[in-house]
Amino acid sequence: MKSLDLFPYAPYPEQLRFMKDAESVLHEGGVLVVEACNGFGKTACALSSALSTGRKIIYATRTHEQVRQVLHEIQQINRKAGTEFSAVALASRQNLCLNDACKRLPISEAIEACRVLRKTHRCPYRTDLAGLNLPLPSVLSVEKMIQYGKENSICPYFLSREVARESRVVVAPYQYIFNENIRVKVGLSIDGNILIFDEAHNADKIGQEVLSDSLSERGLNNAIKELELVEYSPDFLERLLEYLDKNASADPSLKSGSELFTDLEKALGESISSIVNLYAPIIDEIREYKISEGRVPVCYLNGILNFLLLVESGERESYVAIYRMSKSGMKVIEYRCLDPSLAIRPVIEKAHSALIMSGTLSPMDYFTEILGLSEAECRTYSAIAKPKNIRTYVDTSVSTRFRERSEEMLRAYGERISKLIKNVPNGVLIFFPQREMMKQALDIWLRNGFIEKRGDRLFLSGKRIFEEGRSVRENARIVDEYKRAAKTKEGAILLAVFRGRNSEGSNFPYEEARGIFNIGLPYADYKDPVVKAQIEYLNKRKPGLGNLWYVMDAFRAANQALGRGIRHRDDWCHFFLMDKRYASHRRFISSWILINGMERIRL
C-alpha cells in the first residue's frame, strides 16, 4: 500500500509533499531530515510513509505524551485503511514495572536489579511469557499492559518486550536506541529496520547524555559501605575518593578524557580493566545481600565500575572531564561526551533508513554536520496554517545581550510590550531567557506602572498575568487556570522561560495563544565549562563550527517557544521577536515562522 492509502486524514498539499519525499527516501535506504512546524501532522505522515515500505519501524520519542500520540495515529491508520498494523510501547520500568523495589531506579540499575530479583525469586510477576496466549489488541498502550499485568500476574515490562519481537511498530525512548547495552538487554534490534526520530531537535543532547557519566563523592562513599557489607576491601574506592578530594573544588576545572584516564590508572595503581574484572562479580552479591535485608537492590559499586569502563573504552579525544562541586556541595567528576555523532551515527548506519524530524532544526546544514550526517537529504515544509494566519514582527530597539542588560532596558521592554499587547486578543505567552530576569522584569514593570495590581493579582494591558510553576503539578494547575482565562474577553498572559516546562512539548492552540513574545535569546552560559568545552571541541573539528553551534542552540530554543502557538490549519498567531539579533540572524529562524517575512516594529 502507498502512504496516501494509509494516511488517515484528508491531506493538505504540504503533507502530500512530505509523504512523497519520505516514502522515496525510506524505500531507497537513505536518511531524510525534516523540518515542519508543530501541528503539521508529522507523526501521521511519518508513520504512513514508513508503513508503506513493509519494514519494521522503531519510533524514538522523548515523552509519554508522544508515545500516546504515535499509538493513536496507528489506530487511526488501521481504521481508515482496514489494516491490522501492530504496535507496542517499549517503555521504561518506571512506567511499566509493578515491583516497587525496581521501578524507581535509573534505567541501567533497574535492568540489573530486576535480574537479581528474578534470580532470587523475589518478584511475584511472571516474566517467562513464551507460549502465553492472551487476547491482546494489535495496538498495545502502556495503560493496557499494566492492566493485563495486574489481572494476570505477569510483568508488563516483559510483556512489552515479548510483544515487541513481532510488532510492526515499536515505540521506544531515545535512551534505549542510543545505548547499545540497553538495546541488547531489552532485545531491541535496529538492523535492517526503519528508524524515526521524533522531536529530534534535542537528539544531539540526548545522545551526548547517554554517552556521559559522573563519579561523585556520594557514590564512592556508598560503594565503600557496600563492599564493607559483604566483607571485601574498599581500597580502590578509597584511592578514587582521595583523587576526587584533591582535584575537585568549588571552582570548576577541566581535563581531557585522556588526562583523566592516565590520572585514574595512576591513582588506582593498576589498570582499570583489572579493577573491573576483579570487582564485577561482587555486584550480584551486593544486590542479593540487600534483597535478603529487605532493601532496594541498588548497587553503587556497579555505577563506579560503569564510569571506569566508559573512561577506559570510550573515544577519549571526544570527551572532557569537569571537576566541580554539585549543588548539594558534593565533589564530582563529570565525564562529558562532546560529539553527538558518536551516539547517532552508529544506529543510523545499522538501520535500513531513517527519518529525523522536528519543527526546529534550522539551519539544517549545521544540524546535520554536528550529528555527523552531512550526506542526509534535508527538506523544509511550510506551515499547514494558512499563510495569512502567521505574522512575525521584530523589535530592533531592544536586546537582552549581556552588555546591554540594565534596568532601563527592561523598563523599555515593559513599555513596548504593554503597547503591543493591546492589539492581541485572548491569550499571550511571554518567554524570558531566565527565571531571574522574569522576576526582575515583573518588579520593574510594576514600579513603572505598566503592570497594575488588583488585590493579589497582576494585570498587564488589562490581561491577568500568570507565572509558570516550578513543579510539574503546580505548573499544570497554573496553565489550566491560564487557559480558561485566555478564552475570556479580557484574555490572559502566561510568563514562562525558554527551555522550560511550557516552551517545549506544550500546546496552546487557538485563543490560548494569539500572540507569543520572545524576550531576547536564551544563549547558554558562556562561562559554563561544559559549554566552553563544547564550542572548542566543535571548532577543532571544523573552524567556526562551535561558534555556530552556540548560536544555533539559542535559536533552537527560541524557535521551540514560537512553535507553541499554531496547531491547526485555521489557527492563527502573531510572533513578536523582541531583540535586534533576530533581524541579523534570519537564517537561524525556522522557515515556517518567516512565511510572510519579518516586519519591523515601530512604536
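Only this structure's heavy atoms are used, side chains among them; waters, hydrogens and symmetry mates stay out.
Under the side chain to side chain donor-acceptor pair (under 3.5 Å) rule, Y510 has a single partner from D570, D571, N426, which is D570. Each of F555, Y523, Y582 was compared with F588 under the ring pair (Phe, Tyr, Trp, His ring centres under 6.0 Å) criterion, and only F555 meets it.
You'll find the side chain of C337 reaches within 4.5 Å of the side chain of Y319, heavy atoms only. Contact check for L373 versus I356: side-chain heavy atoms found under the 4.5 Å cut-off. Using a 4.5 Å cut-off on side-chain heavy atoms (C-beta onward), M357 and D198 make contact.
For the residue pair Y9 / E73, a side-chain donor-acceptor distance below 3.5 Å is found, with atom types taken as modelled.
Judged by a 6.0 Å distance limit and a 45° cone about the ring axis, K483 is positioned over the six-membered ring of F508.
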Verdict with reasoning, N502 to N475, per side-chain hydrogen bond (donor to acceptor under 3.5 Å, both in side chains): CA-CA 9 Å; N502 299 301; N475 187 65; 3.0 Å; yes
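Taking K487 as the reference, E512 meet the salt bridge (Lys or Arg N to Asp or Glu O under 4.0 Å) condition, with sequence neighbours excluded. Applying the side chain to side chain contact (heavy atoms under 4.5 Å, CB included) test to A354 and every residue at least two apart in sequence or in another chain returns V31, L195, I348.
Note: F40 and Y12 fail the aromatic proximity criterion, with ring centroids not under 6.0 Å apart.
Nearest heavy atom pair, residue S86 against residue S167, reads OG-CA, 3.3 Å.
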